[in-house]
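Residue numbering restarts at 1 for every chain, and letters A, B, ... go by the order of the sequence lines.
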Number of protein chains: 2
Amino acid sequence: MADSPRSLDPVQLGAYFDLIEVSSLLRYAVEQQLREAGDLSYVQFQLLARLGDSPTGSQRMTDLADGVVYSRSGLTYQAGLLEKAGLVVRAPSPEDERVTTVTITDAGRALLAKVLPGHVEVVRGMLFEPLSREDVMTLAGLLAPVRDHMRSTPPRSAAPRRRQREA
Amino acid sequence: MADSPRSLDPVQLGAYFDLIEVSSLLRYAVEQQLREAGDLSYVQFQLLARLGDSPTGSQRMTDLADGVVYSRSGLTYQAGLLEKAGLVVRAPSPEDERVTTVTITDAGRALLAKVLPGHVEVVRGMLFEPLSREDVMTLAGLLAPVRDHMRSTPPRSAAPRRRQREA
DNA sequence: CCACGGCCCTTTGAATTCGAAGCAGTAGAC
DNA sequence: GTCTACTGCTTCGAATTCAAAGGGCCGTGG
């Protein structure tokens, strides 16, 4: 660590800004499509998709929260909405009464199947349209190591992130 | 449009998921650092950075909102917080009384200078650590056309995005 | 057997966001 | 000069999120 450059070079800065902007716009567009097609938020869609992928159609609350990067309380809220809508069912695990198991219903699977094509179309149209097949492979090859690096460097919770208070 | 493939191929799917995950984790980490270093949200930091970059240190509200992709009302809220913290000043434009001009203060510039090094360090450590200089150039070259494509394809507001209501 | 500590989920309160409605100022038509 | 339409910002209500606190269940040590 002989040299510690003070700033990012222009190429890095551009890549950083573009990454943030691209992901923000993509996320916003996807949210809109999901809202229109099935009145789902992106989080709710992620939860349904994750449950649909699971062989049994069930997952523990904690595992779901870990996968979606959300706080437990946030998951409780969203799972409550999904349950009220009849898309999932919650039940305490017989083995361990502490654990709540979430299971996707047939209605949930149906809704998932209904919104998926549109979802795919938005992603294709916004993200993959200007990229060749080779570009996509290159992009995937670049993002994978970054993802692994981030996963292995969990956000150290030095201070528990106070909200706007004094400033 | 002879063929309309029903789903994304595995490489596309991986790139899509990784993009979302990487940007989410990066954004989360950056938010924490900014909160700890200067009690700023990412949005507030973006606003200050944008004002700091401006030659005059001033911008119209509308221009600021467009850059940060936020709604006007959201910007009003955040600008209000920044003003209460003494980091910016708001004043109606002499030329057009409808226009509110936001100007960064010396305190704002000082805070910006204080949090910037840490911000850069987080981005470098999380995003650029596993990438070579060449990788970064490749990534930037891939993201730029996607960004331009997204900008030129604004989110068509077919339905005005109702919040959770019936489902 | 009973307490202690730990894990899992939920409830609560505050913060942040958006869309819709409202208010003021500007510009063009007549 | 006045009316009308438009623009720019703010206010308001609702939705979503998180961290902290609360309550129930499980395992271990005594």
Visitor: Classify the nucleic acid contact of A:Thr100 as base, sugar-phosphate or nothing, counting any heavy atom under 4.0 Å across all strands shown.
Guide: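 Counting heavy atoms under 4.0 Å across all strands, the contact made by A:Thr100 is with sugar-phosphate only.
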Visitor: I need the CZ-P distance between A:Arg60 and D:dC25, as an integer number of Å.
Guide: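 Value for this atom pair: 17 Å.
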Visitor: What's the closest nucleotide to the B:Ser71 side chain, out of C:dT26, C:dC18, C:dT17?
Guide: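 That would be C:dC18.
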Visitor: Closest heavy-atom contact between A:Val11 and B:Ala140?
Guide: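 Answer, listing the atom of A:Val11 first, then B:Ala140: CG1-CB, 4.0 Å.
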Visitor: Side-chain N or O of A:Arg72 versus OP1/OP2 of C:dT10: is the shortest distance under 4.0 Å?
Guide: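 For C:dT10, OP1/OP2 do not have a side-chain N/O of A:Arg72 under 4.0 Å.
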Visitor: Just the rounded figure in Å: distance from C1' of D:dT17 to CZ of B:Arg27.
Guide: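 Those two atoms, CZ and C1', are 13 Å apart.
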Visitor: Name the closest nucleotide to the A:Tyr70 side chain, picking from D:dC18, C:dT26, C:dC18.
Guide: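 Selected nucleotide: D:dC18.
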Visitor: Taking atom P of D:dC25 as reference, at what distance in whole Å does atom CD of A:Glu95 sit?
Guide: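 Whole-Å distance recorded here is 17 Å.
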Visitor: Could you tell me the separation between the CG atom of B:Asp39 and the P atom of C:dT16, rounded to a whole number of Å?
Guide: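 Between P of C:dT16 and CG of B:Asp39: 9 Å.
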Visitor: So which nucleotide from C:dG19, C:dT16, D:dT16 ends up closest to the side chain of A:Gln78?
Guide: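 It is D:dT16.
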Visitor: Take atom OH of A:Tyr77 and atom P of C:dG13, then tell me their distance rounded to the nearest Å.
Guide: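 After rounding, the gap between these two atoms is 16 Å.
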Visitor: Would you say B:Arg90 places a side-chain N or O within less than 4.0 Å of OP1 or OP2 belonging to D:dT10?
Guide: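 The answer is yes; a side-chain N or O of B:Arg90 sits under 4.0 Å from OP1 or OP2.
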Visitor: Counting only heavy atoms from other residues, nucleotides and ligands, does the tally under 6.0 Å from CZ of A:Arg133 exceed 12?
Guide: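 Result for CZ/A:Arg133: open.
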Visitor: Quick check on D:dT16: is either OP1 or OP2 less than 4.0 Å from any side-chain nitrogen or oxygen of A:Arg35?
Guide: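 Checking D:dT16 against A:Arg35, a side-chain N or O does come within under 4.0 Å of OP1 or OP2.
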Visitor: Between A:Glu97 and A:Leu75, who's closer to the 5' end of DNA chain D by nearest nucleotide?
Guide: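 Upstream on the strand: A:Leu75.
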Visitor: Nearest whole Å is fine: how far is D:dT11 C1' from B:Met61 CE?
Guide: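 So the two atoms are 13 Å apart, to the nearest Å.
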Visitor: Provide, to the nearest angstrom, the distance between the CG atom belonging to A:Asp63 and the C1' atom belonging to C:dC9.
Guide: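 Taking atom C1' of C:dC9 as the reference, CG of A:Asp63 is at 13 Å.
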Visitor: Between atom OH in A:Tyr42 and atom C1' in D:dT17, what is the gap in whole Å?
Guide: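 From A:Tyr42 OH to D:dT17 C1': 17 Å.
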Visitor: Keeping to residues at least two apart or across chains, list the ring pair (Phe, Tyr, Trp, His ring centres under 6.0 Å) pairs with something in residues 91-133 of chain B.
Guide: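 Those involving residues 91-133 of chain B are A:Tyr16-B:His119, B:Phe45-B:His119.
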Visitor: Heavy atoms under 4.0 Å, any strand shown: does A:Ser73 hit a base, just sugar-phosphate, or nothing?
Guide: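 A:Ser73: base contact, heavy atoms under 4.0 Å.
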Visitor: What's the shortest heavy-atom distance between A:Glu97 and A:Pro92, and which atoms?
Guide: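 Distance-wise, the nearest heavy atoms are OE1-CB, 3.9 Å.
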Visitor: Below 4.5 Å, heavy atoms only, C-beta onward: do B:Val102 and B:Gln59 meet side chain to side chain?
Guide: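 No - every pair of side-chain heavy atoms lies 4.5 Å or more apart.
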Visitor: Could you work out which one of D:dG24, D:dC6, C:dC9 sits closest to the side chain of A:Arg98?
Guide: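 For A:Arg98, the side-chain atoms sit closest to D:dG24.
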